[in-house]
Chemist: 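My questions all concern the structure below.
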Amino acid sequence: MTDADNIRDVEVLGVDMIGFIFYPKSPRYLYQIPRYLPTLAKRVGVFVNETKENILMYVDRFGLNYVQLHGDESPEYCRTLHSYGIRIIKAFSIALPKDLLAVSDYEGFCDYFLFDTRSAHYGGSGQQFDWNILQRYNGSTPFLLSGGINSYSVKALKEFHHPRLAGIDINSRFETSPGIKDVERIGRFLKELRDLPTTKS
Ligand SMILES: O=C(O)c1ccccc1N[C@@H]1O[C@H](COP(=O)(O)O)[C@@H](O)[C@H]1O
């Protein structure tokens with residue numbers, strides 16, 4: 001997110017985390033500190049193949065609670081950042097079951113994994129992948145489900161069950177323009193998600 005008032009309005013809806021994209025090639029790139037940063041929701045910085053030095057600088061400057069590593073960061077890179085006390089969300093691009101093979105190398109020093117849709121770019125594709133693939137994930141790190149989740153995903157989300165599912169990540173499908181969230185659309189989505197009865201797994 002990029003705008004102070006928009007951040008405040010989304011935070012009031014009771015979301016757990018709010019993200020800031022520090023990837024210069026993204027249309028959501030945050031190049032200036034907004035006048036307001038969340039105090040209730042956790043602050044997540046999203047990075048793609050950034051240097052460790054820059055990550056430390058951003059964590060300090062923005063008071064980041066988590067860093068979301070959305071590029072080709074190695075297990076060693078994640079382990080080092082973790083050893084500095086940084087909480088890590090490591091993103092993986094998923095298209096086929098084999099895309100889960102590398103995930104186990106990251107166990108033990110990531111707070112969350114994030115499963116996103118494989119695309120030509122690093123993230124923000126607005127496209128969904130086949131969530132059934134995740135039934136093969138049997139690791140111990142909790143994960144966030146991501147990639148093109150939209151207003152019409154509520155029923156499928158209610159039907160998706162996994163013991164390690166910890167949260168749902170929404171992005172481009174809830175925007176009025178890149179970096180600006182549609183507060184009403186998110187409000188309706190959260191209400192429907194909370195209201196609709198959950199199916200048994
Ligand atoms: O949104 C971006 O521009 C972006 C750029 C580089 C890395 C990650 C990015 N966004 C992340 O992508 C996922 C899925 O987004 P979407 O729902 O498919 O739009 C999400 O975690 C964003 O934080």
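Positions are given from 1 along the sequence. Remember, it's 1-based here, ligands and their atoms both numbered in the order they're listed. Values reported hereafter were calculated over all heavy atoms of this structure, with side chains retained and with hydrogens, waters and symmetry mates removed. None of these values were measured; they are calculated from a predicted model.
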Chemist: Between Phe92 and Phe143, does the ring centroid distance fall short of 6.0 Å?
Modeler: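 Not under 6.0 Å, so no.
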Chemist: Within a radius of less than 6.0 Å around CG of Asn54, do more than 12 heavy atoms belonging to other residues, nucleotides or ligands occur?
Modeler: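 Atom CG in Asn54 is packed in, count exceeds 12.
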Chemist: Does a side-chain heavy-atom distance below 4.5 Å link Ile7 with Pro34?
Modeler: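 With C-beta onward as the side chain, the pair touches.
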Chemist: When you check the gap from the basic side-chain N to the acidic O, do Glu11 and Arg8 get nearer than 4.0 Å?
Modeler: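 Salt bridge flag = no for Arg8 with Glu11.
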Chemist: Run the numbers on Glu192 and Arg188 for salt bridge (Lys or Arg N to Asp or Glu O under 4.0 Å), then give the verdict.
Modeler: CA-CA 6 Å; Glu192 283 175 28; Arg188 275 197 306 274; 5.4 Å; no
Chemist: Counting N and O atoms only, with roles assigned by atom type, does the side chain of Arg28 sit under 3.5 Å from a partner on the main chain of Phe20, one being a donor and the other an acceptor?
Modeler: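 No; judged by distance alone, with no hydrogens or angles, the pair does not exist.
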Chemist: Would you check ligand 1 and list the protein residues that come within less than 4.0 Å of it by any heavy atom, ordered by chain and number?
Modeler: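 These residues qualify: Ile21, Tyr23, Ser26, Arg28, Val46, Val48, Gln68, His70, Leu114, Asp116, Gly123, Gly124, Ser125, Gly126, Ser146, Gly147, Gly148, Asp169, Asn171, Ser172.
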